[in-house]
Amino acid sequence: MKYDFAAIEKKWQDIWDARNVFAASDDYSKPKYYALVEFPYPSGQGLHVGHPRSYTALDIVARKRRLQGYNVLYPMGWDAFGLPTENYAIKNHIHPEKVTHDNVQRFKSQLKSLGLSFDWNREINTTDPDYYRWTQWIFLQLFKKGLAYKKEMSVNWCTGCKVVLANEEVVNGVCERCGSPVVHKVKSQWMLKITEYAQRLIDDLDLVDYIDRVKVSQRNWIGRSTGAQVDFGTTAGDKLTVFTTRPDTLYGATYMVISPEHPYIEKWAGLIQNMDAVRAYQEESARKSDFERTELAKDKTGVKLEGVRGINPVNDEEIPIFISDYVLMSYGTGAIMAVPGHDTRDWDFAKKFGLPIIEVVKGGNVEEAAFTDCETGVMVNSGILDGLSVEEAKKKIVEWLAERGKAEPKVNYKLRDWVFSRQRYWGEPIPIIHCDHCGYVPLDESELPLRLPEVDSYEPTDNGDSPLAAMTDWVNVKCPKCGAPAKRETDTMPQWAGSSWYFLRYCDPHNQDALASKEALNYWMPVDWYNGGMEHTTLHLLYSRFWHKFLYDIGVVNTPEPYAKRTSHGMILGENGEKMSKSRGNVVNPDDIIREYGADTLRLYEMFIGDFEKAAPWSQSSIKGCKRFLERIYGLLEVLQPGEAYSEALEGSFHKTVRKVSGDIEALKFNTAIAAMMSLLNEISDHGSINHAEMKTLLLLLNPFAPHLTEEMWEQAKFGGMVTEQKWPSYDEEKCKDAQIEIVVQVCGKIKARIMVDAGCSEQELLDAAKAAPSVQAALNGKQIVKEIVVKGKLVNIVAK
RNA sequence: GCGGGUAUGGCGGAAUUGGCAGACGCGUUAGAUUCAGGUUCUAAUGGUCGCAAGGCUGUGCAGGUUCAAGUCCUGUUACCCGCACCA
């Protein structure tokens, strides 16, 4: 009997489709399980072998949950707005909608050929007006609550894509997508106040089950630091406020630095004697791209302000003020107190400009280097703080200054507000109208969706405006409030918008009155298990958690967090151990593998390839082992015997394998689950036959991994019904125990014998049996027993001299 | 620089959390089947010494704790990922 995988897989995919086997039910009385994988961007390249790793893993979980009696929601959709499609459309003069449609068709047929148990009735597409209507709706709610606002700001401008990028999309000073240099440009942008949620985004990580490294990167990205805001005086009369995490070192502050963009520079223009040099420096740093700034990071630059000096509030000493681009306007107050004795950057700067360095915490040598590792030190040269620990000093000085109205405790976050505008065509239009009299006026909700207009050219304009800006018919409208001539917003939303709430739409994808019904959301949310790539652990996860919390606050959803559990899979690398890419020529196409080995083999191999959470190189020869395993499984039909109970010889092994596979799936250890089934198969082969009861269990265990083959075998064995209609097998803990167990006997830690004993025997019996072994006696001969260690069920160690 | 991770045979990787290192698979070798290639089956397979019984050695490196360490502690090296002048 040949294993004709192509015929088998086609046959069962058609049956599943026709019978709608994997549709989630709307019967809300059943226990639910919501398994989710990140929906793909339907690129022109088609599916990558990395996609099935994640999809198969949760497919296994979903299929197992169905067999366990859950109402399972395992949906799929398309995150289809985005630049590559738009760029392709521009280049080839094809409408992006058409490009998207074609790519989706290709992706969908590829996913179907993998036998993934998605509920295709709930397929969604972020570019569908029925979908983005609700993306726009959420934006309007954010706007109404003051969380969306417009701001003139210096933004990251990609010279290649001619588009504004979020900080997160700038990698090493170049555009994440196209690699062109990124420079600063001042533009009026829509912003979302994610910073308002910073603390809750940290705190609520305690409510969810994410793998640790994901939580850690979320916390690091938000970057909370506690310290104090301290008001320094100036000879100009203004107070200059700084943020510091080390108020204890205030006596060591020998100068101040403000950012080149700091507003006080203009304010003090009349007082500053070297304004030419200051302006030259300002221009120089504005011209620098982020890339140049970081390149030059080692060498500190700056200009001293002649004519204005700062006054240290702890001792009223006058200190110089510099401008330097190592101080960022976008963090804290844009001004710092510099403590060269205990901060590396300040130390470098002080050395270069010949500024005094004062030691205020004992323990280092501040002439040699900044002493920064000083949290446990003792204060010196610090007036009222002398002799205190750093901890005590921090508290005391802030209290002392606060009494005088010069300081207050303060928490800062690295997280910045989210730049939400893109000057592009292929994105959700922002539903706002600008009126000269009324300002920014939201579109009435009844007018949603605000559809993308048809345009002839998708090219961004040279001045950086969106292609939509050229569509005067579309742009020029009447103000909804006062009726005066007004203009539509021509920017579109970033790609992250549609993916920030898509998991909600799956709950009720065809709803025309709301993003999803209250009942559906209450039943399905939160997502029980969400798997995706490590590359999305900061941005997508943070953005979607932020939106979800906002929707929670306005009563749309009933859970504070969207995902109860989050895991991440490792990348699949090329055969040479490098990341797969066209330029490296090491790309494996899943279509080829399915054609040559079948979907079941591909699924099994991707799960067997290694630790699910780690990167693993592709191996064309290892895949054969998985094919061989499935062929051997198929061959078991030839030795199938009657028998409705496990045979005595295999009973223990079956119970153990059920336990192992059940547990391993939950722990993401698919590789060892497969290894256990391989071992079981080896035992069955040695035994020579398999009976009905055993075959049923084996097919059920293997079904989530190799669904087509197991359905086919179930049918050929005439077991009745389909595997998907059965119950997940159970095991008996008692039956997993062997009557006889092997015990290792060591003498002085070296293995001397292995003995078989009854599982229930006592420690004394074990010890006696161990000592009776000839090789043990030989090793003990003439020696004095010092110590005897007995580990029940495992080993005996006799220490002798 | 900061944060996170990894290091085990020729290769991918196991190891019930301190108790038999190398499960399972690939590859390799030998034998059987075959006209042959492929397939399949049987056996062997960390290194090393030995005819053998058996011994020695072995989880990046150096120490330590322990009857017992891949696993715990101290130090160290290499590589990967993320962030990067965040005061």
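First the proteins, then the strands, lettered A, B, ... as listed; each starts at 1.
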Any side-chain donor near an acceptor of the partner, [X] and [Y], under 3.5 Å:
{"X": "A:T301", "Y": "A:Y281", "result": "yes"}
{"X": "A:Q229", "Y": "A:T241", "result": "no"}
{"X": "A:N531", "Y": "A:R53", "result": "no"}

Can you check the [X] [atom1] to [N] [atom2] distance for me, whole Å?
{"X": "A:D664", "N": "B:U16", "atom1": "CG", "atom2": "C1'", "value": "11 Å"}
{"X": "A:L604", "N": "B:G25", "atom1": "CG", "atom2": "C1'", "value": "10 Å"}
{"X": "A:D343", "N": "B:A87", "atom1": "CG", "atom2": "C1'", "value": "6 Å"}
{"X": "A:Q218", "N": "B:G3", "atom1": "CD", "atom2": "C1'", "value": "14 Å"}
{"X": "A:K624", "N": "B:U40", "atom1": "NZ", "atom2": "P", "value": "10 Å"}
{"X": "A:I751", "N": "B:G58", "atom1": "CD1", "atom2": "P", "value": "14 Å"}
{"X": "A:K414", "N": "B:C85", "atom1": "NZ", "atom2": "C1'", "value": "11 Å"}
{"X": "A:I211", "N": "B:U6", "atom1": "CD1", "atom2": "P", "value": "12 Å"}

Considering only NZ, NE, NH1 and NH2 on the basic side and carboxylate oxygens on the acidic side, decide whether [X] and [Y] come within less than 4.0 Å.
{"X": "A:D738", "Y": "A:K656", "value": "yes"}
{"X": "A:D231", "Y": "A:K239", "value": "yes"}
{"X": "A:E606", "Y": "A:R603", "value": "no"}

Phosphate oxygens OP1/OP2 of B:A23: is one of them under 4.0 Å from a side-chain N or O of A:N682?
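For B:A23, neither OP1 nor OP2 has a side-chain N or O of A:N682 closer than 4.0 Å.
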Under 4.0 Å between a side-chain N/O of A:R628 and OP1 or OP2 of B:C24, yes or no?
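So the side chain of A:R628 is outside the cut-off, no N or O lying under 4.0 Å from OP1 or OP2 of B:C24.
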Going by purine N1 to pyrimidine N3 plus the second Watson-Crick contact, or the G-U wobble pair, all under 3.5 Å, which nucleotide sits opposite [N]?
{"N": "B:A62", "value": "B:U74"}
{"N": "B:C35", "value": "none"}
{"N": "B:U28", "value": "B:A44"}
{"N": "B:G22", "value": "none"}
{"N": "B:C79", "value": "B:G5"}

For B:G13, glycosidic torsion class - syn if within 90° of 0, otherwise anti:
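That one's anti.
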Taking syn as within 90° of 0 and anti otherwise, name the glycosidic form of B:U17.
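This nucleotide is in syn.
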A:N797 or A:V791: which one's nearest nucleotide on RNA chain B is closer to the 5' end?
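The residue mapped nearer the 5' terminus is A:V791.
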With nearest nucleotide decided by heavy atoms, which residue, A:G332 or A:K669, maps closer to the 5′ end of RNA chain B?
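Here A:K669 is the residue nearer the 5' end.
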Please state the [atom1] separation for the pair [N] and [M] - nearest whole angstrom.
{"N": "B:G27", "M": "B:C35", "atom1": "C1'", "result": "28 Å"}
{"N": "B:A21", "M": "B:U16", "atom1": "P", "result": "14 Å"}
{"N": "B:G22", "M": "B:A14", "atom1": "C1'", "result": "7 Å"}
{"N": "B:U71", "M": "B:G58", "atom1": "P", "result": "13 Å"}

Heavy atoms from C-beta onward define the side chain here; which of [options] lies closest to that of [X]?
{"X": "A:E631", "options": "B:U40, B:A14, B:C85", "value": "B:U40"}
{"X": "A:F608", "options": "B:A87, B:G3, B:C24", "value": "B:C24"}
{"X": "A:T244", "options": "B:G3, B:A87, B:C24", "value": "B:A87"}

Name the nucleic acid region contacted by [X], choosing base, sugar-phosphate or nothing; use a 4.0 angstrom heavy-atom cut-off, strictly under.
{"X": "A:T245", "answer": "sugar-phosphate"}
{"X": "A:S679", "answer": "sugar-phosphate"}
{"X": "A:E535", "answer": "nothing"}
{"X": "A:D611", "answer": "sugar-phosphate"}
{"X": "A:I609", "answer": "sugar-phosphate"}
{"X": "A:E788", "answer": "nothing"}
{"X": "A:S225", "answer": "sugar-phosphate"}
{"X": "A:A615", "answer": "sugar-phosphate"}

Backbone N or O of A:L650 within a donor-acceptor pair of the A:E683 side chain at under 3.5 Å?
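Checked: no pair found.
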Could you tell me whether A:K627 sits above the aromatic face of A:Y597, with NZ or CZ closer than 6.0 angstrom to the six-membered ring centre and within 45 degrees of the axis?
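The answer is no; the distance or angle limit is not met.
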